[in-house]
Amino acid sequence: MAKLKTDCFNLEYTLECGQIFRVNKQDGWYYVNAMDKLIKIRQNGDTIEYFGANKPFITNFFSLDVPLKKIIKEINRDDNMKLATKEYEGLRLIRQHPWECLVSFIFSAASNIPRIKSCVDGVSKYFGKKITVGDFESYTFPGCGEINDTQKLEKARPGFRGKYVYEASASINENHLESLRSMPYEEAKNVLKEIKGVADKVADCVLLFSLDFMEAFPVDTWINRIMQELYFENNPVPKKEIRTFADEYFGRYAGYAQQYLFMHARNRTK
DNA sequence: CGTCAGGTAGCCA
DNA sequence: TGGCTACCTGAC
């Protein structure tokens, strides 16, 4: 086991804000899957304790190197944001593996978190390898090209999203996704949107949650609703206009603003 | 037991 | 470009 002292980090909010799906809580520990890793982790005050990964991985994965206080300062543009960032203090964006992130969010279309989780778990179970940490057992996530059997894929119950995942697995390789990092935001987004099953929202999730584009602002139904309420006097507004507004209003860290607003919007009705 | 969902593709004006 | 609608299926 390793320990690490953190600053301005909340493990619970970070893992339970809906950006990542393969998370399980058991006996006070979180079990987090990330491609071929299974991490066992918990937080005690400022300190995190973990198994299954080394310090560089943990630091990078949980964005512990990102200057969150500075970011919060920049996105706290009004009282609503100050409330949301205070409410979920320490929430950080996770740097997921681009391929796992892409598949997860293709699954997310017109779905809900329990079902998305079930699809991602299913794909892991039917295409991944068994992995354990302590007495917890799960499966690794299959790499690009490894989701190559439609009958097995069907067992994950993806519905109409299955064909998109199958096609993506057949046509994409990891280098293709990694190469997006060096592109400008708009260009990287357009490349992602060439993938069937990927349009604005999913592309923005992949850019924000796995490729370090912190300006990406995914507009889903929750964000659509809360943004209209807070900034458009409850008037119906096209999602495109919401993205444009967010870009100008929140700036280069709009993605962080999005995640705090998402939590704020979702949890008040829960 | 219906309704509807963390959207998107395809089609048409 | 902008506005439909069908789409799998299981949570609620």
Side-chain angles (χ1 to χ4, degrees), chain A residues 13-24 84 88 91 93-94 96 98 100-123 125-126 147 149-172 186 189-211 213 216-230 232 235-246 254-270:
Chain A
Y13 297 152
T14 299
L15 288 176
E16 295 188 11
C17 69
Q19 59 179 321
I20 188 166
F21 301 101
R22 292 209 297 155
V23 176
N24 293 284
Y88 298 103
L91 189 168
L93 293 177
I94 289 175
Q96 299 180 226
E100 180 170 359
C101 186
L102 172 67
V103 173
S104 301
F105 283 93
I106 288 177
F107 281 142
S108 77
S111 192
N112 52 64
I113 289 179
R115 194 168 168 213
I116 300 163
K117 186 171 166 41
S118 154
C119 289
V120 184
D121 282 341
V123 160
K125 182 174 178 186
Y126 300 117
I147 305 177
D149 180 325
T150 49
Q151 292 192 6
K152 276 160 75 177
L153 178 54
E154 203 51 39
K155 291 169 78 177
R157 312 298 293 152
F160 64 84
R161 308 153 195 87
K163 56 181 179 288
Y164 302 138
V165 168
Y166 181 82
E167 200 180 312
S169 180
S171 60
I172 292 173
E186 287 295 344
K189 186 168 178 177
N190 285 332
V191 173
L192 282 172
K193 285 164 72 175
E194 288 170 9
I195 301 165
K196 290 276 176 62
V198 179
D200 282 306
K201 195 272 179 180
V202 172
D204 275 329
C205 285
V206 175
L207 291 170
L208 180 62
F209 299 141
S210 76
L211 293 169
F213 286 87
F217 192 88
V219 180
D220 58 30
T221 54
W222 291 99
I223 289 296
N224 199 33
R225 203 175 304 158
I226 190 83
M227 288 295 285
Q228 286 174 183
E229 186 184 319
L230 297 181
F232 296 91
N235 292 316
V237 177
K239 291 183 175 180
K240 189 180 177 184
E241 194 176 329
I242 291 184
R243 279 191 296 276
T244 309
F245 171 84
Y256 264 90
Q258 183 272 353
Q259 205 57 33
Y260 282 97
L261 284 171
F262 178 79
M263 280 293 266
H264 180 70
R266 196 169 60 119
N267 288 165
R268 63 182 178 173
T269 52
K270 226 172 168 178

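Every chain is numbered from 1, with letters handed out A, B, ... down the list of sequences. Scope of the values below: all heavy atoms of this structure, side chains included, with no hydrogens, waters or symmetry mates.
- The nearest whole Å value for the distance from the NZ atom in A:Lys193 to the P atom in B:dG7 is 16 Å.
- A straight line from CD1 of A:Ile195 to P of B:dG7 spans 18 Å, rounded to a whole angstrom.
- Between B:dC11 and C:dC8, the distance separating the two P atoms is 14 Å to the nearest Å.
- Applying the 4.0 Å criterion to OP1 and OP2 of C:dG10, one finds that A:Arg157 has a side-chain N or O inside that range.
- Atoms CG (A:Asn224) and P (B:dT8) sit 12 Å apart, rounded to a whole Å.
- Checking C:dC7 for Watson-Crick or G-U wobble geometry (two distances, each under 3.5 Å) identifies B:dG7 as its partner.
- Rounded to an integer number of Å, the gap from A:Leu102 CG to B:dT8 P is 11 Å.
- At the heavy-atom level, A:Tyr164 lies under 4.0 Å from the strands shown only through sugar-phosphate atoms.
- A:Ile116 comes within 4.0 angstrom of a nucleotide base, judged by non-hydrogen atoms across all strands.
- Both A:Pro114 and A:Ala109 lie close to DNA chain C; mapped to their nearest nucleotides by heavy-atom distance, the more 5′-ward contact belongs to A:Ala109.
- Heavy atoms of A:Ala110 sit under 4.0 angstrom from at least one base atom.
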Starting from the C-alpha separation in whole Å, work towards a yes-or-no answer on ring pair (Phe, Tyr, Trp, His ring centres under 6.0 Å) for A:Phe232 and A:Phe245. CA-CA 10 Å; A:Phe232 296 91; A:Phe245 171 84; 5.2 Å; yes
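- With B:dG7, B:dA5, C:dT9 as the candidates, the nucleotide lying closest to the side chain of A:Asn112 is B:dA5.
- Mapped onto DNA chain B by nearest heavy atom, A:Phe262 and A:Lys196 fall at different nucleotides, with A:Phe262 at the one closer to the 5' end.
- Looking only at atom types and distance, the side chain of A:Tyr88 has a donor-acceptor partner in the side chain of A:Asn267 under 3.5 Å away.
- What separates NZ of A:Lys189 from C1' of B:dT8 is a distance of 14 Å, to the nearest Å.
- Counting only distance, with no hydrogens or angles, the side chain of A:Gln228 and the backbone of A:Val237 share a donor-acceptor pair below 3.5 Å.
- Base engagement by A:Gln19 is indicated by at least one non-hydrogen atom pair under 4.0 Å involving a base atom.
- Taking 4.0 angstrom as the limit, A:Lys240 places none of its side-chain polar atoms (N or O) nearer than this to OP1 or OP2 of C:dT1.
- With rounding to whole Å, A:Lys163 atom NZ is found 8 Å from C:dC8 atom C1'.
- As a whole-Å value, the separation of A:Ile113 CD1 from C:dG10 P is 18 Å.
- Residue contacts for A:Ile106: at a heavy-atom cut-off of 4.0 Å it reaches no nucleic acid atom on any strand shown.
- If you take atom P in B:dG7 and the same atom in C:dC12, they sit 16 Å apart, rounded to whole Å.
- Using a 4.0 Å heavy-atom distance criterion, A:Lys117 is classed as making no nucleic acid contact.
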May I have the step-by-step check of salt bridge (Lys or Arg N to Asp or Glu O under 4.0 Å) for A:Asp200 and A:Lys239, ending in yes or no? CA-CA 9 Å; A:Asp200 282 306; A:Lys239 291 183 175 180; over 6 Å; no
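- OP1 or OP2 of C:dA11 has not a single side-chain nitrogen or oxygen of A:Arg115 nearer than 4.0 Å.
- Within a 6.0 Å sphere centred on NZ of A:Lys163, other residues, nucleotides and ligands contribute more than 12 heavy atoms.
- The 12-atom threshold is exceeded at NZ of A:Lys117, counting heavy atoms of other residues, nucleotides or ligands nearer than 6.0 Å.
- Straight-line distance between the C1' atoms of C:dT5 and B:dC4: roughly 15 Å, to the nearest whole Å.
- Among B:dA5, B:dT8, C:dC8, the nucleotide with an atom closest to any side-chain atom of A:Arg161 is C:dC8.
- Rounded to an integer number of Å, the gap from A:Arg225 CZ to B:dA5 P is 8 Å.
- Across all strands, A:Phe209 comes closer than 4.0 Å to no nucleic acid atom at all (heavy-atom distances).
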